[in-house]
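Hydrogens, waters and symmetry mates play no part in the numbers below; they use all other heavy atoms, side chains included. First listed ligand is number 1; within each ligand, the first listed atom is number 1. Just so you know, these numbers come straight off a predicted model, no measurement behind them.
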Amino acid sequence: MTTLVIGARGNVGRRVVDQLLAAGEPVRASVRNPATADLPAGVPVVAADLTRPATLTEALRGVRQVFVYAPTDGADDFAAAAREAGVEHVVLLSSGSVLLSSANGNLIAEEHRAVEQTMAASGLRWTPIRPLVLATNALNWADAIRDEGVVQLVHPEAKTAPIHERDVAAVAVAALLGHGSADGMLTGPRLLSQREQVELIGAAAGVPVRIEELSETEARQQFGQFEKPAVVDAILAFIANAARGGSPATDTVERVLGRPGLGFEQWAAEHFPLA
Ligand SMILES: NC(=O)c1ccc[n+]([C@@H]2O[C@H](COP(=O)([O-])OP(=O)(O)OC[C@H]3O[C@@H](n4cnc5c(N)ncnc54)[C@H](OP(=O)(O)O)[C@@H]3O)[C@@H](O)[C@H]2O)c1
């Protein structure tokens, strides 16, 4: 029976599609704009937008399981549509911040917690997938590395354990296939300071990369160009907490997958030869 992947073009969603196909599972992919899909040949693609509930009925028809990103809007409507369609299991991409007491009250943690609460109250069987720090965050550094050979960092010594999106997807697929208990906090295999992450990227890209340290005030200004103030607060609080040693590395990936998580070195080698 078919699994619908909502957000099939996303960093994680696309790997979920690939890994379900590799496991021989029937997959349907949903994107908001099918013209931009670019998915593997033979995968049926439907248009669905979590903020437009009318689009969900057709997308969910005949679907037994769903992988879905935690939507900031539309979680109630999604849950109602999934129940109506007879969906048996929802695998929700949430956030490890809901398990981090130091993140209580920050917007990113609370938005994910609210979606989890909606799923818990929905009557649907659901499994949260809870990565703490995605390695793909480092793609935000790519332009500055390519153009200027520099990365500006607040708290460069703050340590996190970034997780490869393929491992997040693998844990989600394990949940969809009924293997392993996937709801613990997901991280990469080891803690690395932001400085070490940049150095590994420089090595993978084959270019020298300089680090410029930002004060919190400077970082607030910079992040504020792209994010609303409450998100900037959440990100800065998370980095400051990591600088105090508050961002853990867990063994959840290894326990679920039966192999160590993919290292940041590998992630950098795959993403940072800069074209
Ligand atoms: N950054 C972190 O460190 C971190 C940590 C913990 C958890 N997370 C979670 O991981 C997510 C990012 O994962 P990612 O890198 O795989 O994301 P991504 O590459 O940005 O992809 C996001 C996907 O969500 C889909 N989407 C967005 N709004 C939608 C809507 N209204 N209806 C249907 N689909 C919608 C997009 O679909 P289209 O293709 O149609 O545009 C896209 O495929 C975050 O949003 C957060 O929830 C992130």
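- Only the backbone of Leu132 comes within contact range of ligand 1, with a heavy atom under 4.0 Å; no side-chain atom does.
- Within the listing of ligand 1, atoms 40 (O) sit less than 4.0 angstrom from a heavy atom of Val31.
- Considering Ser30, Gly13, Ser94 only, the shortest heavy-atom separation from atom 7 (C) of ligand 1 involves Ser94.
- Annotation: side-chain hydrogen bond (donor to acceptor under 3.5 Å, both in side chains) contacts of Gln266 (sequence neighbours excluded): Glu270.
- At a 4.0 Å heavy-atom cut-off, ligand 1 touches Asn137 through the side chain alone.
- Interface atoms of ligand 1 facing Asp49, defined by a heavy-atom separation under 4.0 Å, are 30 (C), 31 (N), 32 (N).
- Each of the atoms 16 (O) of ligand 1 lies under 4.0 Å from some heavy atom of Val12.
- Between Asp167 and Leu262, the closest heavy-atom pair is OD2-N, 2.6 Å.
- Atoms of ligand 1 lying under 4.0 Å from at least one heavy atom of Val133, given by number and element, are 3 (O).
- The closest donor-acceptor contact from the side chain of Gln194 to the backbone of Val154 lies under 3.5 Å.
- Residue His112 touches ligand 1 through its side chain alone, judged by heavy-atom distances below 4.0 Å.
- Closest approach of Thr160 to Ser247, counting heavy atoms only: CG2-OG, 3.7 Å.
- Of the candidates Arg32, Arg9, Glu111, the one placing a heavy atom closest to atom 35 (C) of ligand 1 is Arg32.
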Would you please test Arg210 and Glu212 for salt bridge (charged side-chain N to carboxylate O under 4.0 Å, His left out) and show each step? CA-CA 7 Å; Arg210 202 161 43 80; Glu212 277 175 16; 3.2 Å; yes
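- Within ligand 1, the atoms closer than 4.0 Å to a non-hydrogen atom of Leu50 are 30 (C), 31 (N), 32 (N), 33 (C), numbered from 1 in the order shown.
- Using the six-membered ring where Trp is involved, Phe272 and Trp267 have ring planes that are tilted, between 30° and 60° apart.
- Checking atom 1 (N) of ligand 1 against the protein gives a heavy-atom contact under 4.0 Å.
- Residue-ligand proximity, Leu134 to ligand 1, at heavy-atom distances under 4.0 Å covers atoms 1 (N), 2 (C), 3 (O), 4 (C), 10 (O), 12 (C), 13 (O), 15 (O), 48 (C).
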Going through the checks in order, is the salt bridge (charged side-chain N to carboxylate O under 4.0 Å, His left out) test met by Asp18 and Arg15? CA-CA 5 Å; Asp18 290 346; Arg15 273 74 184 181; 5.6 Å; no
